[in-house]
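Below you'll find the structure, written out as structure tokens, and then a few comments.
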Amino acid sequence: MTRAFMLQLSELFPSDVSVDDITINDSNIVVRLVSTKSSCRCPSCKRTSSRVHSQYQRMLKDLPVMDNKVVIHLQTRKFFCNNPNCKTGIFTERFESLIKPYARRTDRLNKYLEFIGFAVNAEVGSVLSKRILADVSSDSMLRLVKQTELTINTDYQYIGVDDWAIRKEHKYCTLICDLVTRRPIDVLPDRSYEVISEWLRKHPGIKFISMDRSVTYSGAAKK
């Protein structure tokens with residue numbers, strides 16, 4: 001493949017990497033990426049270094065292309081830290097726009113799997129992952145969902161309050177949801193008047209509360 005084509009293909013990837021080679025064999029597409037950075041920042045002390053210690057290759061799974069499995073060979077470098085007081089000493093360069101440290105799948109593949117994991121259960125998600133040639137186990141799917149950082153809206157004004165059973169007929173708590181996003185906001189340890197009124201007191205911006213005919217809930221809201 002020509003160098004011009006490689007440059008065009010590199011534009012599809014983050015700016016800190018470029019395509020060095022592509023190999024197509026059987027049903028696999030192997031893309032070799034190299035770093036375009038002249039220096040890297042130490043993850044511990046944040047000091048920049050350009051002194052290379054060594055290199056190694058990371059193998060990453062990516063989203064498929066035309067029913068072909070895509071494997072990325074990422075040439076990764078290790079650097080000496082220039083800070084004599086830093087305990088790290090030697091660190092590996094990061095590619096924050098492509099992968100997370102120690103990851104074996106690209107961020108975009110993980111986001112796709114997260115979408116599947118939240119839409120269905122882990123077992124079904126594992127089956128569906130094979131359809132996109134990711135082949136993720138149910139345990140890995142569940143682990144991925146649990147590690148997902150959820151964005152919670154803190155500017156809610158319309159809420160719903162109801163009891164929720166941790167253990168039916170034994171242990172109940174109070175579930176508070178955002179009526180706009182239809183997502184949980186908080187889970188209070190019980191259904192007591194004091195706990196609910198204290199929570200509402202800390203959130204004076206709430207304008208509307210939906211609840212059942214519970215005297216405890218209505219009393220706490222009025223207070």
Side-chain angles (χ1 to χ4, degrees), residues 1-44 52 54-79 88 90-153 181-184:
M1 297 182 182
T2 64
R3 189 62 185 171
F5 177 75
M6 293 294 184
L7 292 174
Q8 286 183 330
L9 196 60
S10 297
E11 295 179 358
L12 300 176
F13 288 87
S15 59
D16 54 354
V17 295
S18 65
V19 178
D20 185 62
D21 187 37
I22 297 179
T23 305
I24 303 175
N25 49 54
D26 298 330
S27 58
N28 292 338
I29 300 175
V30 180
V31 181
R32 186 174 185 272
L33 298 180
V34 295
S35 175
T36 59
K37 298 178 288 187
S38 59
S39 61
C40 286
R41 182 176 295 179
C42 175
S44 298
V52 178
S54 58
Q55 299 186 26
Y56 70 99
Q57 197 172 83
R58 295 179 63 178
M59 294 184 61
L60 310 169
K61 292 182 179 180
D62 197 17
L63 285 170
V65 175
M66 299 295 292
D67 294 329
N68 290 289
K69 184 183 294 186
V70 175
V71 179
I72 293 178
H73 290 182
L74 177 61
Q75 196 68 22
T76 309
R77 298 169 294 175
K78 291 185 177 181
F79 288 83
T88 300
I90 299 172
F91 63 92
T92 303
E93 66 179 320
R94 266 50 171 175
F95 300 90
E96 297 179 357
S97 55
L98 179 66
I99 53 169
K100 298 202 169 36
Y102 311 107
R104 295 183 180 181
R105 294 184 296 267
T106 60
D107 285 348
R108 64 178 187 172
L109 175 56
N110 276 338
K111 287 185 181 298
Y112 200 94
L113 292 173
E114 286 172 10
F115 175 79
I116 294 176
F118 279 105
V120 296
N121 60 53
E123 292 292 342
V124 178
S126 176
V127 175
L128 292 177
S129 72
K130 294 177 174 61
R131 301 292 295 178
I132 60 169
L133 307 178
D135 198 11
V136 177
S137 68
S138 57
D139 289 339
S140 296
M141 181 68 71
L142 188 61
R143 193 180 306 115
L144 189 64
V145 169
K146 288 182 176 181
Q147 293 174 349
T148 303
E149 296 181 2
L150 298 178
T151 302
I152 300 176
N153 178 29
T181 62
R182 299 184 180 183
R183 295 194 175 194

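One is the number of the first residue; the rest follow in order along the sequence.
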For this session: Run the numbers on Ser54 and Arg77 for side chain to side chain donor-acceptor pair (under 3.5 Å), then give the verdict.
Result: CA-CA 6 Å; Ser54 58; Arg77 298 169 294 175; over 6 Å; no
Indicate yes or no: at least one non-hydrogen side-chain atom of [X] is less than 4.5 angstrom from one of [Y].
{"X": "Leu33", "Y": "Leu98", "result": "yes"}
{"X": "Arg41", "Y": "Glu93", "result": "no"}
{"X": "Leu60", "Y": "Val71", "result": "no"}
{"X": "Ile132", "Y": "Leu109", "result": "yes"}
{"X": "Asn68", "Y": "Ser27", "result": "yes"}

Check whether [X] reaches the backbone of [Y] with its side chain - one donor and one acceptor, N or O, closer than 3.5 Å.
{"X": "Asn121", "Y": "Glu123", "result": "yes"}
{"X": "Asn28", "Y": "Asn25", "result": "no"}
{"X": "Thr76", "Y": "Leu74", "result": "yes"}
{"X": "Thr36", "Y": "Asp16", "result": "yes"}
{"X": "Asn110", "Y": "Arg108", "result": "no"}

Enclosure of [X] [atom1] (heavy-atom neighbours >12, cutoff 6.0 Å):
{"X": "Phe13", "atom1": "CZ", "value": "yes"}
{"X": "Lys37", "atom1": "NZ", "value": "yes"}
{"X": "Tyr56", "atom1": "OH", "value": "yes"}
{"X": "Lys130", "atom1": "NZ", "value": "yes"}
{"X": "Phe115", "atom1": "CZ", "value": "no"}

Nearest 0.5 Å, what's the [atom1]-[atom2] distance between [X] and [Y]?
{"X": "Cys42", "Y": "Phe91", "atom1": "SG", "atom2": "CZ", "value": "5.5 Å"}
{"X": "Leu144", "Y": "Ser129", "atom1": "CG", "atom2": "OG", "value": "10.5 Å"}
{"X": "Leu133", "Y": "Asp135", "atom1": "CG", "atom2": "CG", "value": "9.0 Å"}
{"X": "Lys146", "Y": "Leu142", "atom1": "NZ", "atom2": "CG", "value": "4.5 Å"}
{"X": "His73", "Y": "Ile22", "atom1": "NE2", "atom2": "CD1", "value": "12.5 Å"}
{"X": "Ile72", "Y": "Arg105", "atom1": "CD1", "atom2": "CZ", "value": "13.5 Å"}

Exercise. Without hydrogens or angle criteria, can the side chains of Gln75 and Ser35 be said to hold a donor-acceptor pair below 3.5 Å?
Worked result: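 Note: Gln75 and Ser35 side chains miss the donor-acceptor criterion.
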Problem set entry | side chain to side chain contact (heavy atoms under 4.5 Å, CB included) between Val31 and Val19, worked out | CA-CA 7 Å; Val31 181; Val19 178; 4.2 Å; yes
Problem set entry | Pair Ser44-Thr88, side chain to side chain donor-acceptor pair (under 3.5 Å): steps then yes or no | CA-CA 7 Å; Ser44 298; Thr88 300; 2.6 Å; yes
Problem set entry | Pro14 versus Ser97, closest heavy-atom pair with distance |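 Smallest interatomic distance, heavy atoms only, reads CB-OG, 3.0 Å.
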For this session: Could I get the full list of side chain to side chain donor-acceptor pair (under 3.5 Å) partners for Arg94, not counting sequence neighbours?
Result: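 Listed in chain order: nothing, the list is empty.
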Problem set entry | Results of side chain to side chain donor-acceptor pair (under 3.5 Å) for Thr106 - residues two or more places apart only |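 Scan of Thr106 (side chain to side chain donor-acceptor pair (under 3.5 Å), adjacent residues dropped) gives Asp62.
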For this session: Is it possible for you to check whether Lys100 lies under 6.0 Å from the centre of the six-membered ring of Phe95, through NZ or CZ, and within 45° of that ring's axis?
Result: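 Not satisfied by the 6.0 Å and 45° rule.
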For this session: Start with the C-alpha distance between Ser137 and Ser140, add both sets of side-chain angles, then the distance that settles side chain to side chain donor-acceptor pair (under 3.5 Å), and finish with yes or no.
Result: CA-CA 5 Å; Ser137 68; Ser140 296; 3.0 Å; yes
For this session: Begin with the C-alpha distance, continue with both residues' side-chain angles, and end with the deciding distance and a verdict on side chain to side chain contact (heavy atoms under 4.5 Å, CB included) for Phe79 and Thr92.
Result: CA-CA 6 Å; Phe79 288 83; Thr92 303; over 6 Å; no
Exercise. Considering residues at least two apart in sequence or located in another chain, which fulfil the salt bridge (charged side-chain N to carboxylate O under 4.0 Å, His left out) criterion with Lys78?
Worked result: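 Lys78 satisfies salt bridge (charged side-chain N to carboxylate O under 4.0 Å, His left out) with no residue once adjacent residues are dropped.
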